[in-house]
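Worth knowing before you read on, the calculation uses all heavy atoms, side chains too, and leaves out hydrogens, waters and symmetry mates. This one's a predicted model, so the numbers in the text were calculated from it and none came from an experiment.
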Amino acid sequence: MKTIKLFPILLLLFLSSCGSISVYSDFDKGVDFNQYKTYAFHRRGIDKAQISELDKKRILQAIDLELSKKGMTKSESPDLLINIFTKEREKVDVSQFNVGWGYGWGWNPYLWGGRNYINTSTEGTLYIDLIDAKKKELVWEGEGVGYLTQNRSKKEALINEFVAKILAQYPPAKK
């Protein structure tokens, strides 16, 4: 019987650990992305992101790494300005399990009562904007949505995964 009571807890732990990152991107279809070879960070925009300075630093380092893999370089006179924006929201999942026979959901003093399981998680969204430095126009935007962690040792890997998956969609595929 203990196995039946533990199953919902194990299921919730398994589902919460399998969080994946969903990514989306949008772009100006009239832009030739081959013209962009250099970039710089848009400091005024990045300073407005409401996350810790350490997380900003982690995100910017991950962006540097991914753009360098694409052959792009940082420059004082860039083709693109990089901006980031973040948001988060707390998600609360309540599950109720009735183990035993009784009159509906809830606690039954004569039989095994139902149990409530509450799982909270933080869903975060990271936006990476690429702005044409000469025209001062947004040309590409990537968005990643996934579950965040407070575990410092896992945080850097998660940020790197967010950024890598978002920037995997840049430059947009030609059709």
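- Closest of all the heavy-atom pairs between P78 and A133 is O-CB, 3.2 Å.
- Side chains of L80 and V139 form a contact here, defined as non-hydrogen atoms less than 4.5 Å apart.
- Two residues are said to be in side-chain contact when any heavy atoms from C-beta on lie closer than 4.5 Å; Y39 and L130 fail this criterion.
- Residue Q169 comes nearest to S25 through the heavy atom pair OE1-OG, 2.7 Å, listed as atom of the first residue, atom of the second, then distance.
- The main-chain N or O of A49 is found under 3.5 Å from a side-chain atom of K56 such that the two form a donor-acceptor pair.
- Residues I159 and F85 are members of separate hydrophobic clusters, defined by side-chain heavy-atom contacts under 4.5 angstrom among Ile, Leu, Val, Met, Phe, Trp and Tyr.
- Rounding to the nearest 0.5 Å gives a distance of 12.0 Å between CD1 of I21 and OH of Y147.
- Under the 4.5 Å side-chain heavy-atom criterion for ILVMFWY residues, a single connected hydrophobic cluster contains both V23 and I84.
- Residues V145 and E123 are in side-chain contact: their nearest non-hydrogen atoms beyond the backbone lie under 4.5 Å apart.
- Atom NZ in K165 sits 13.5 Å away from atom CG in L126 (nearest 0.5 Å).
- Between L167 and I63 there is a side-chain heavy-atom pair separated by less than 4.5 Å.
- A ring-ring contact (aromatic ring centres under 6.0 Å, His included) check over residues 55-83, counting only residues at least two apart or in different chains, returns nothing.
- Checked against the 6.0 Å centroid criterion, the rings of F27 and Y170 do not qualify as a close aromatic pair.
- A distance of 10.0 Å separates CD of E156 from CG of D55, quoted to the nearest 0.5 Å.
- Under the 4.5 Å side-chain heavy-atom criterion for Ile, Leu, Val, Met, Phe, Trp and Tyr, I82 and I131 are members of distinct hydrophobic clusters.
- Within 6.0 Å of CD in Q35 there are more than 12 heavy atoms belonging to other residues, nucleotides or ligands.
- A donor-acceptor contact closer than 3.5 angstrom is absent between the side chains of T149 and N151.
- Y127 and N83 form no side-chain donor-acceptor contact under 3.5 Å, judged by distance and modelled atom types alone.
- Transitive grouping of hydrophobic side chains (ILVMFWY, heavy atoms separated by less than 4.5 Å) keeps L81 and F33 in distinct clusters.
- Scanning all heavy atoms of the two residues, the minimum distance from K37 to N34 falls at NZ-O, 3.0 Å.
- Remark: K87 NZ is loosely packed, at most 12 non-hydrogen atoms of other residues, nucleotides or ligands lying under 6.0 Å away.
- In this structure, T38 and K74 have side chains that are not in contact, with every pair of non-hydrogen atoms separated by 4.5 Å or more.
- One finds the CZ atom of R43 at 5.0 Å from the CD1 atom of I46 (value rounded to the nearest 0.5 Å).
- Of the inter-residue distances, the one linking D79 atom CG with M72 atom CE reads 7.0 Å to the nearest 0.5 angstrom.
- Under the side chain to side chain contact (heavy atoms under 4.5 Å, CB included) criterion, E90 pairs with T120, T122, not counting sequence neighbours.
- A continuous path of ILVMFWY side-chain contacts below 4.5 Å connects Y36 to F41, so both sit in one hydrophobic cluster.
- Here the closest heavy-atom approach between residue N160 and residue A62 is recorded as OD1-CB, 3.3 Å.
- To the nearest 0.5 Å, atom CG of residue L148 and atom CZ of residue R89 are 11.5 Å apart.
- The two residues A40 and S75 have their closest heavy-atom pair at CB-O, 3.5 Å.
- Nearest heavy-atom pair, G144 versus F162, reported as atom, atom and distance to 0.1 Å: O-CE2, 3.4 Å.
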